[in-house]
Participant: 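My questions will all concern the structure given below.
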Amino acid sequence: MVSQSIDLRPRLPLRAALKDVLGGSAASVLTVTFGLSYALLIFAGPLAPFLSYGVAATFISSAVLAAVIGVGSSLPFAVAGPESSTAATTGILASSMVERIIAADPSAPLLAPVLLTLALATVATGIVLCGFGMTRMGRAIRYVPYPVVGGFLGATGCLILLGAVRVITGQRLQFATLGQFENIQTLSKLAAACAMAVVLYLTWHRSRTSFGLPAILVGGVIAAHIVFWLAGIPLAQAQAAGWTFQPPPAVNFMLPWSVDAIRNYPWYTLPELSGNFIAVAFVTASCTLFNTTGIEVATQREANLERELNVTGIANALSGAFGGYTGCVSVSRSVLNFNGGGTGPLSGLTVAAISLLMLAFAPTLLGYMPKFVLGGLLIYLGADQLHKWTVQSRRRLSVVEYLSLLAIIVIIVQWGFIAGILIGVVIGCATFALSASRIDSIKYSFDGSEYRSSLDRSREDQAVLSAHGGKIQGLNLQSYLFFGSANRLYQHVKALLARHPECRFLVFDFKLVTGIDSSAAYSFAQIKRTAEDRGIRLVLVHLPPAAEKALRSIDFVSHGVSIVPELDHALEWCENEIIAQHQGREQEETSLRDWFVRILGTEEDAAELIHRCQRLEVDAGEVIVSAGDAADSMHFILDGRVGIMIPAGEGGTTRVRSLGRYTTIGEMGLVSHAPRSATIQSEAASILYVLSAHQFEALKGENPLLGQKLLTYFVAIMAERLTFANRMITVLRR
């Protein structure tokens, strides 16, 4: 048996649709209110007579943006429309266009060129956003320095404030026009608008309820008309005095793509307006990304940035095609819709439908709307944004970054967006370079006595490394090396070598280095020269190919520089060199001690003489002393060979004698103090021990017996040489 029952409760999709409509209706209140204020902001000054077209363009933009982004966004509850920042840059574009047209021809028509300019900028912005989305370049905008973005958005807040003053008074706030603001009626209008902004801050700013803003605005309108009634001012007189707007007879709509508009368009102005076009695209892209991120945080939902850019690009292109202007997803309207229960694209479609209905009702609303009410809303929006980026951001920025943000705001307000962006990027790059140069490029340092290779060694070798491991000095490098950090590295190396004059191997580990630039390569060239002067060998480990290419381009990689793939192998090689050198030195010292024992007779005297001597290592062909020099030392030749050279004809020299290992030279001059009579030059790589005249005199005073033994040795050597010379003379006389 099967029983069936009929469920009379509304199905879930119907309930969700109802919530979407209610949430979208709540968001529409903000869309309508903001839309009217943005229309007044853009179509101000010379464009004020065409406000009806501005209202139409505003609500067409709101409808297209809300519908397209609502259907295509990765956040289905998103509500889009013109934003304060995008409206500010759009207003600046329109104002700049009007100024150039009037300057060229005061009688030229304004409406058609302005509408076509806004449409071109909007379509171009849509194409740029789609390009960012398809190429995944949208994320690159997040690499723009934060002070530049903050200065940019802070400047838009300042420009909204200036636009609000123009909406309220009909005058542009400049130094040249300050005299026009001395009128008591003008000051009264500004005071009323500021009071409205204060009321908005004290009420809606803190509560953010769905219908709080329209209730406050309606209350402001009613209060204004009550004051007019009590003062005996009829509506027509209030409109004539500029307290309320002149209502347009109807919302006028005109597609900007007519043949006449295109034919008569002042195309010569486009190069001059290119900066404003870029500003519109930049602000729209920035707002799209920042607002999307803000919605993600507020609703704990994840968005697809590339999809948002693509959808926003398509929406702006369609908005421009239908005569609207730029916009993007709105944080306040989307969060309001989400909190009201909206979860699907029907919310955006509801906002679009209500925006289209406003094309019929907006003129009636404007006829009763006091200027200070919507002007106060603009003052509140501009002041809120300016406060966010000039006051609240101070806690997140350093002094230099904050000052650069303020400078960018001043530059944009004074000279325009392009100058502000370019100078801001330069300031941001300079600030980054300064900050990055303060980051230590050395993660840690070590020497061979405390950090060794993984090779197990004998106790004797370990003892050698413990005693002489300081000859190996290592630096583990990190981050990107450029002119600032590389110069600090060079200064650190100089200080390191001054502290460790015994260093013979300097190891650089590039494992954590992400790259180097040409200026860093120059600093390494300075390090190489310093190392060569001290007889130090450079060892480079984990050198990236790009860094190796940069170093080879300046001939850094040459004799005296070794490249080793791993740090462990580099340390092992350095340790082997030290052990081999030490073992060779031990053999050398043993050989020297044995020789001196044969000369002096005792180990004690040999050790004393070794202590008094200084080791000298010379290459083949190197001059040890020159003829005519003061005879202030003698040389014990432990290894190698040296020659005694005298001048010959035509500037040449002739060798008269050659001396090998275990021989001495210069002892006669040490005793007689006569100048050198010949030049002594090494004929092969040699090792000599030098006894200076100062040490010889000190030795004779402190150890007379040892001094006497040395003198006896000198006399014996000279006697042997004299005997040999006499024999040669005898042979020559035969």
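Sequence positions, counted from 1, serve as the residue numbers for this chain. Keep in mind that the numbers below use all heavy atoms, side chains included, and drop hydrogens, waters and symmetry copies.
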Participant: Minimum heavy-atom separation for T89 to V283, with atom names?
Facilitator: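 Distance-wise, the nearest heavy atoms are CG2-CG2, 3.5 Å.
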
Participant: Got a second to check how far F696's CZ is from R612's CZ, nearest 0.5 Å?
Facilitator: 11.5 Å

Participant: I'd like to know if E532 and R529 make a salt bridge, using a cut-off of under 4.0 Å between side-chain N and carboxylate O.
Facilitator: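 So E532 does not pair with R529 through a salt bridge.
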
Participant: Taking the side chain as everything from C-beta on, heavy atoms only, tell me whether S591 gets closer than 4.5 Å to R661.
Facilitator: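 S591 reaches R661 side chain to side chain.
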
Participant: If only atom types and distance count, is the side chain of S74 paired as donor or acceptor with the main-chain N or O of N304 below 3.5 Å?
Facilitator: yes

Participant: Is the count of non-hydrogen atoms from other residues, nucleotides or ligands lying under 6.0 Å from Y522 atom OH greater than 12?
Facilitator: no

Participant: Looking at every non-hydrogen atom in both residues, tell me the closest pair between C287 and S85 and how far apart they are.
Facilitator: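 Shortest heavy-atom separation between C287 and S85 comes out as SG-CB, 3.6 Å.
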
Participant: Please check if any side-chain donor atom of Q695 sits under 3.5 Å from a side-chain acceptor atom of S692, or the reverse.
Facilitator: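 Side chains of Q695 and S692: no pair found under 3.5 Å.
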
Participant: Side chain of D619, backbone of E622: donor and acceptor closer than 3.5 Å?
Facilitator: no

Participant: With the side chain counted from C-beta on, respond yes when T679 and I646 share a heavy-atom pair under 4.5 Å apart, and no when they do not.
Facilitator: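 No, their side chains stay 4.5 Å or more apart.
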
Participant: Using a 6.0 Å cut-off, check whether atom OH of Y451 has over 12 heavy atoms from anything other than its own residue.
Facilitator: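 At most 12 heavy atoms, drawn from other residues, nucleotides or ligands, come within 6.0 Å of this atom.
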
Participant: At their closest point, which heavy atom of V597 faces which heavy atom of A606, and how far apart are they?
Facilitator: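 Scanning both residues, the minimum pair turns out to be CG2-CB, 3.7 Å.
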
Participant: Spell out, as yes or no, whether a donor-acceptor pair under 3.5 Å connects the side chain of S286 to the backbone of T284.
Facilitator: no

Participant: Consider only side-chain N and O atoms of E575 and S453, and report whether a donor and an acceptor are under 3.5 Å apart.
Facilitator: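 Yes.
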
Participant: Tell me, with the steps shown, if L688 and L638 meet side chain to side chain contact (heavy atoms under 4.5 Å, CB included).
Facilitator: CA-CA 6 Å; L688 302 91; L638 180 62; over 6 Å; no

Participant: Do K443 and L512 make a side-chain contact, defined as non-hydrogen atoms from C-beta onward lying under 4.5 Å apart?
Facilitator: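 K443 vs L512: side chains touch.
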
Participant: Is the shortest distance from a Lys or Arg side-chain nitrogen in E502 or R504 to a carboxylate oxygen in the other one below 4.0 Å?
Facilitator: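 Looking at E502 and R504, the cut-off is not met.
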
Participant: Could you tell me whether the side chain of K471 and the main chain of C503 form a donor-acceptor pair under 3.5 Å?
Facilitator: no

Participant: Is the shortest side-chain N to carboxylate O distance from R641 to E683 below 4.0 Å?
Facilitator: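 Salt bridge present between R641 and E683.
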
Participant: Given I563 and R552, is the side chain to side chain contact (heavy atoms under 4.5 Å, CB included) satisfied, shown in steps?
Facilitator: CA-CA 12 Å; I563 299 179; R552 288 188 182 277; 3.9 Å; yes

Participant: Using only atom types and a distance under 3.5 Å, with no angle test, would you say the side chain of Q473 pairs donor to acceptor with the backbone of D447?
Facilitator: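 The answer is no, because no donor-acceptor pair under 3.5 Å joins these two groups.
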
Participant: How far does CG of L455 sit from CD of E572, to the nearest 0.5 angstrom?
Facilitator: 5.0 Å

Participant: Quick one, I687 and I637 - any side-chain contact, counting heavy atoms below 4.5 Å?
Facilitator: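 Contact flag for I687/I637 side chains = no.
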
Participant: Side chains of T292 and R307 only: does a donor on one sit below 3.5 Å from an acceptor on the other?
Facilitator: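 Distance-only check fails for T292 and R307.
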
Participant: In Å and rounded to the nearest 0.5 Å, what is the CG to NZ distance from L551 to K528?
Facilitator: 10.0 Å

Participant: So, D533 side chain and T530 main chain: donor-acceptor pair closer than 3.5 Å or not?
Facilitator: no

Participant: In terms of heavy-atom contacts, does CD of E302 have more than 12 from other residues, nucleotides or ligands at under 6.0 Å?
Facilitator: no

Participant: Among D509, V561, L506, find the one that has a side chain to side chain contact (heavy atoms under 4.5 Å, CB included) with L540.
Facilitator: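 That would be V561; it is the only one of D509, V561, L506 passing the side chain to side chain contact (heavy atoms under 4.5 Å, CB included) with L540.
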
Participant: Side chains of V541 and F508: does their closest heavy-atom pair fall under 4.5 Å?
Facilitator: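 V541 does not reach F508 side chain to side chain.
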
Participant: Would you call R537 and E577 a salt bridge, taking side-chain N to carboxylate O under 4.0 Å as the test?
Facilitator: no

Participant: Can R452 be said to sit on top of F446's aromatic six-ring, NZ or CZ under 6.0 Å from centre and within 45° of the ring axis?
Facilitator: no

Participant: Please answer whether the main-chain N or O of S466 pairs with a side-chain N or O of S449 as donor and acceptor at a distance below 3.5 Å.
Facilitator: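 No, S449 side chain to S466 backbone: no donor-acceptor pair under 3.5 Å.
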
Participant: Can you find a pair of side-chain heavy atoms, one from Y444 and one from L475, that are under 4.5 Å apart?
Facilitator: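 No. Closest side-chain heavy atoms not under 4.5 Å.
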
Participant: Hey, could you give me the CG/CD1 distance between L710 and I599, rounded to the nearest 0.5 Å?
Facilitator: 8.0 Å

Participant: Any side-chain heavy atom of Q478 sitting closer than 4.5 Å to one from V513?
Facilitator: no

Participant: Salt bridge or not for E566 and K511, using N-O below 4.0 Å?
Facilitator: no

Participant: Quick one: closest heavy-atom pair of N310 and M134, and the distance?
Facilitator: OD1-N, 3.4 Å

Participant: Show the nearest heavy-atom pair for residues I644 and A678, with the distance to one decimal.
Facilitator: CG2-CB, 3.5 Å

Participant: Can any side-chain N or O of D568 pair as donor or acceptor with the backbone N or O of S454 at less than 3.5 Å?
Facilitator: yes

Participant: Counting only heavy atoms not in Q614 (residues, nucleotides, ligands), do more than 12 fall under 6.0 Å from its CD?
Facilitator: no

Participant: Before we go on, tell me: are the rings of F524 and Y490 under 6.0 Å apart, centre to centre?
Facilitator: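 Between Y490 and F524, which both carry aromatic rings, the centre distance is not below 6.0 Å.
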
Participant: State, with a plain yes or no, whether a side-chain heavy atom of C130 is found less than 4.5 Å away from one of L309.
Facilitator: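 Side-chain contact under 4.5 Å: no.
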
Participant: Report the C-alpha separation of V618 and V623 in whole Å, then their side-chain angles, then the decisive distance to 0.1 Å, and conclude whether the side chain to side chain contact (heavy atoms under 4.5 Å, CB included) test is met.
Facilitator: CA-CA 9 Å; V618 294; V623 175; over 6 Å; no

Participant: Show your reasoning for whether side chain to side chain contact (heavy atoms under 4.5 Å, CB included) applies to L571 and V539.
Facilitator: CA-CA 9 Å; L571 291 176; V539 182; over 6 Å; no

Participant: Ignoring hydrogens and geometry, is there a side-chain-to-backbone donor-acceptor pair from S672 to M668 under 3.5 Å?
Facilitator: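 Flag set: sc S672 to bb M668 pair under 3.5 Å.
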
Participant: Working to the nearest 0.5 angstrom, can you tell me the gap between N276 CG and L270 CG?
Facilitator: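 Going from CG on N276 over to CG on L270, the span is 11.0 Å.
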
Participant: With a 6.0 Å cut-off on ring centres, are F636 and Y689 close enough?
Facilitator: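 They do not qualify: ring centres at least 6.0 Å apart.
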
Participant: So how far is it from L129 CG to F132 CZ, rounded to the nearest 0.5 Å?
Facilitator: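 Taking CG in L129 and CZ in F132, the distance rounds to 7.5 Å.
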
Participant: Would you name the heavy atoms of L489 and S441 that are closest together and state the gap between them?
Facilitator: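 Minimum heavy-atom separation between L489 and S441: CB-OG, 3.8 Å.
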
